[in-house]
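No experiment lies behind these values; they were computed from the predicted model shown.
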Amino acid sequence: MIPEKKELIYEGKAKKVFATDNPEEVIVSYKNDATAFDGQKKGTIRGKGSVNNQMSNFLMGLIEEQGIPTHFVEQLNETDSIVKKVEIVPLEVIVRNISAGSFAQHYGVEEGIVFDEPTFEYSYKNDDLHDPLLNTSHAIALKLATKEELNDIKNKTLKINQILKDFFKDKGVDLVDFKLEFGRLPDGTIILADEISPDTCRFWDSKTGTKLDKDRFRRDLGNVEEAYQEIMKRVFNN
Ligand code: UDP
C-alpha cells in the first residue's frame, strides 16, 4: 500500500513535511521555491524539487552504504519521499574544501583557494537570529546537543565529506562546500537528515569552474534550471 499524506506538519522554504499513518515516518515534498540571503530574495527554479529529491535520495543511499545512518526510507515519486521522523538538531553543519561564499567574505580572501584540510563549522539554526555562527562550547552551553552528540556529528560529517568528494570527483565536479543537518531518533541515535542537493552544496565543474548549484540563483548568473539538470545528469549518468 502506498503511504498517504496526512496533515501538513511543517512547511519550510524548500520543502513541505506531511504526517503519515506511521508515527515513525513522514513524507517530504520538495518544492521549486528558492530563497536566498536570509529569505530576502525569492524565486522559483523549474524542476528543482524533482532534482533535489532524487539527488538527495541517491546520495543518502551512497552514504548509508558506507555505514552512516540517514533518514531516507523510500522515494514515492519525482518530488516526494518517505523519511524517518526525527527531532532535528538545530545546527547547520558546514564543511568547506575550497574557499567560497561567506568564508571568502568573512576572511577577505578570494574564492577558489583549495584547503589542505577541510574546515568545519556550525551555525545555530534560528531564523530570528539569522543563523549565527557558533562553536562547540556554545552549542553545549545552549543545550542544542551534548558533547558526545557533537563528536558523533563531526565524525560522521567528515566521513560524509570524503564519500561525497570522491564521488563527485569521478563525475568531473569539485565539491566546494556543503551544509548538513542531523536528527535524533526516539532512541537517541544521531542520523543524517534534511537534504544534500544543489541548494545545500556548492558544485564547480572541475575543468571549467562553471557553477552547478544555487549560486546561479543567488548571484543572478543565468542558466539556473540548466545547472540543476546538469548536476543531476552528472550524478545519474556514466
Ligand atoms: N548553506 C545552506 N543553507 C544555509 C547556509 C548555507 O545550505 O542556510 C550551504 C551553502 O549552499 C553552501 C555552504 O552551506 O554550500 C556554505 O555556505 P556559506 O556559509 O558560504 O553561506 P552563503 O554564502 O551561502 O550565504
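- Summarising the geometry of Val95 relative to Pro118, their closest heavy-atom pair is CG1-CB, 3.9 Å, with the distance given to 0.1 Å.
- The pair Asp33-Lys42 does not count as a salt bridge, with every side-chain nitrogen at least 4.0 angstrom from each carboxylate oxygen.
- Distance alone, capped at 3.5 Å, is enough to place a donor-acceptor pair between the Asn126 side chain and the Asp128 backbone.
- In this structure, the side chain of Thr44 does not engage the main chain of Ala34 through any donor-acceptor pair within 3.5 Å.
- Lys169 contributes no side-chain N or O that, together with a main-chain N or O of Leu175, makes up a donor-acceptor pair within less than 3.5 Å.
- Between Lys233 and Glu226 there is no salt bridge, since no side-chain N of the basic residue sits under 4.0 Å from a carboxylate O of the acidic one.
- The hydrophobic side chain of Leu133 is isolated, with no ILVMFWY side chain under 4.5 Å apart from it.
- A donor-acceptor contact shorter than 3.5 Å links the side chain of Glu111 to the backbone of Gly101.
- The side chain to side chain donor-acceptor pair (under 3.5 Å) test with Tyr228 singles out one residue from Asn223, Asn52, Asn32, Asp199, and that residue is Asp199.
- Judged by distance alone, with hydrogens and angles left aside, the side-chain atoms of Ser197 form no donor-acceptor pair with the main-chain N or O of Ser56 at under 3.5 Å.
- A pairwise comparison of heavy atoms in Gly222 and Arg216 identifies O-NE, 2.7 Å as the closest pair.
- Distance check: Asn161 CG to Thr119 OG1 gives 9.0 Å after rounding to the nearest 0.5 Å.
- Taken from CD in Gln162 to CG in Leu164, the straight-line distance is 10.0 Å, to the nearest 0.5 Å.
- Although no hydrogens or angles enter the test, the distance criterion places no donor-acceptor pair under 3.5 Å between the side chain of Thr189 and the main chain of Leu185.
- By the 4.5 Å heavy-atom criterion applied to side chains, Ile27 and Leu76 are counted as neighbours.
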task = Would you please test Leu192 and Ile160 for side chain to side chain contact (heavy atoms under 4.5 Å, CB included) and show each step?
result = CA-CA 10 Å; Leu192 180 64; Ile160 292 167; 4.0 Å; yes
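- In this structure, Ile94 CD1 and Asp131 CG are separated by 8.5 Å, a value rounded to the nearest 0.5 Å.
- One hydrophobic cluster, built from ILVMFWY side chains closer than 4.5 Å, cannot hold both Val86 and Val93; they sit in different ones.
- Atom OG1 of Thr200 sits about 9.5 Å away from atom CG of Asp177, to the nearest 0.5 Å.
- Take Glu225 and apply the side-chain contact (heavy atoms from CB on, under 4.5 Å) test, not counting sequence neighbours, and it matches Ile45, Arg46.
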ask   = Could you go step by step and tell me if Gln54 and Phe58 meet the side chain to side chain contact (heavy atoms under 4.5 Å, CB included) rule?
value = CA-CA 6 Å; Gln54 295 179 67; Phe58 178 84; over 6 Å; no
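- Looking at residues two or more places apart in sequence or on another chain, you find a ring-ring contact (aromatic ring centres under 6.0 Å, His included) between Tyr122 and Phe120.
- In this view, Pro132 and Tyr124, Leu129 satisfy the side-chain contact (heavy atoms from CB on, under 4.5 Å) rule, not counting sequence neighbours.
- For the residue pair Thr35 and Gly39, the shortest heavy atom distance occurs at CB-CA, 4.1 Å.
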task = Start with the C-alpha distance between Cys201 and Asp213, add both sets of side-chain angles, then the distance that settles side chain to side chain contact (heavy atoms under 4.5 Å, CB included), and finish with yes or no.
result = CA-CA 7 Å; Cys201 305; Asp213 57 61; 6.0 Å; no
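- Both Ile63 and Phe72 are assigned to one and the same hydrophobic cluster, defined by single-linkage of ILVMFWY side chains at heavy-atom distances under 4.5 Å.
- In plain terms, the two heavy atoms of Gly183 and Ala193 that are nearest each other are N-CB, 4.1 Å.
- Listed here is the closest heavy atom pair of Arg234 and Gly172: NH1-O, 3.2 Å.
- Applying the ring-ring contact (aromatic ring centres under 6.0 Å, His included) rule to Phe115 yields the partners Phe103; only residues at least two apart in sequence or on another chain are considered.
- Contacts classified as salt bridge (charged side-chain N to carboxylate O under 4.0 Å, His left out) and involving residues 178-194 (residues at least two apart or in different chains) are given here: Lys15-Asp194, Glu87-Arg184, Lys125-Glu181, Glu149-Arg184, Lys179-Glu181, Lys179-Asp194.
- Looking at Leu180 and Glu92, their side chains never come closer than 4.5 Å, going by heavy atoms from C-beta outward.
- Side-chain atoms of Arg96 and Ser102 form a donor-acceptor pair, as typed in the model, at a separation below 3.5 Å.
- Two different hydrophobic clusters hold Phe37 and Phe217 under the rule that ILVMFWY side chains link at heavy-atom gaps under 4.5 Å.
- Residues passing the side-chain contact (heavy atoms from CB on, under 4.5 Å) test with Met55, sequence neighbours excluded: Val51, Leu59, Phe168, Pro198, Phe203, Ile231, Val235.
- Between the side chains of Ser50 and Glu78, a donor-acceptor pair is found at a separation under 3.5 Å.
- In this structure, Lys31 places its NZ atom where more than 12 heavy-atom neighbours from other residues, nucleotides or ligands lie under 6.0 Å away.
- If you take CD1 on Ile190 and CG on Asn151, they are separated by 11.5 Å, rounding to the nearest 0.5 Å.
- Between the side chains of Asn97 and Asp174, no donor N or O sits under 3.5 Å from an acceptor N or O.
- Taking a cutoff of 4.0 Å between a charged side-chain nitrogen and a carboxylate oxygen, Lys171 and Glu230 do not qualify as a salt bridge.
- Taking the side-chain contact (heavy atoms from CB on, under 4.5 Å) definition, one finds that Glu25 meets it with Thr20, Asn22, Val73, Ile82, sequence neighbours left out.
- Among residue pairs with one or both ends in residues 57-70, those qualifying as side-chain hydrogen bond (donor to acceptor under 3.5 Å, both in side chains) are Asn53-Asn57, Asn57-Gln75, Asn57-Ser81, Glu64-Thr70; sequence neighbours excluded.
- Ion pair Asp215/Lys211 not flagged as a salt bridge, since none of the NZ, NE, NH1 or NH2 atoms sits closer than 4.0 Å to an Asp/Glu carboxylate oxygen.
- With values rounded to the nearest 0.5 angstrom, Ile191 atom CD1 is found 9.0 Å from Met60 atom CE.
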request  = Apply the test side chain to side chain contact (heavy atoms under 4.5 Å, CB included) to residues Leu150 and Ile140: give CA-CA distance (whole Å), side-chain angles for both, the deciding distance (0.1 Å), then the verdict.
outcome  = CA-CA 9 Å; Leu150 293 171; Ile140 295 166; 3.6 Å; yes
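- Residues passing the ring-ring contact (aromatic ring centres under 6.0 Å, His included) test with Phe18: none are found, sequence neighbours excluded.
- In this structure the side chain of Ser123 never reaches within 4.5 angstrom of the side chain of Leu91, judged on heavy atoms.
- Side-chain atoms of Ser29 never come within 3.5 Å of backbone atoms of Lys16 as a donor-acceptor pair (strictly under, hydrogens ignored).
- Cluster note: Val28 groups with Ile9, Tyr10, Val17, Val26, Tyr30, Val83 through ILVMFWY side-chain heavy atoms spaced under 4.5 Å, whether in direct contact or through intervening members.
- Considering only residues two or more places apart in sequence or on other chains, Phe182 meets the ring-ring contact (aromatic ring centres under 6.0 Å, His included) condition with none of them.
- The environment of NZ in Lys41 is crowded: more than 12 heavy-atom neighbours from other residues, nucleotides or ligands sit within 6.0 Å.
- Contact record, Pro23 with Lys85: O-CD, 3.6 Å, taken as the closest heavy-atom pair.
- The hydrophobic cluster containing Ile153 also contains Leu142, counting ILVMFWY residues as joined when their side-chain heavy atoms lie under 4.5 angstrom apart, directly or transitively.
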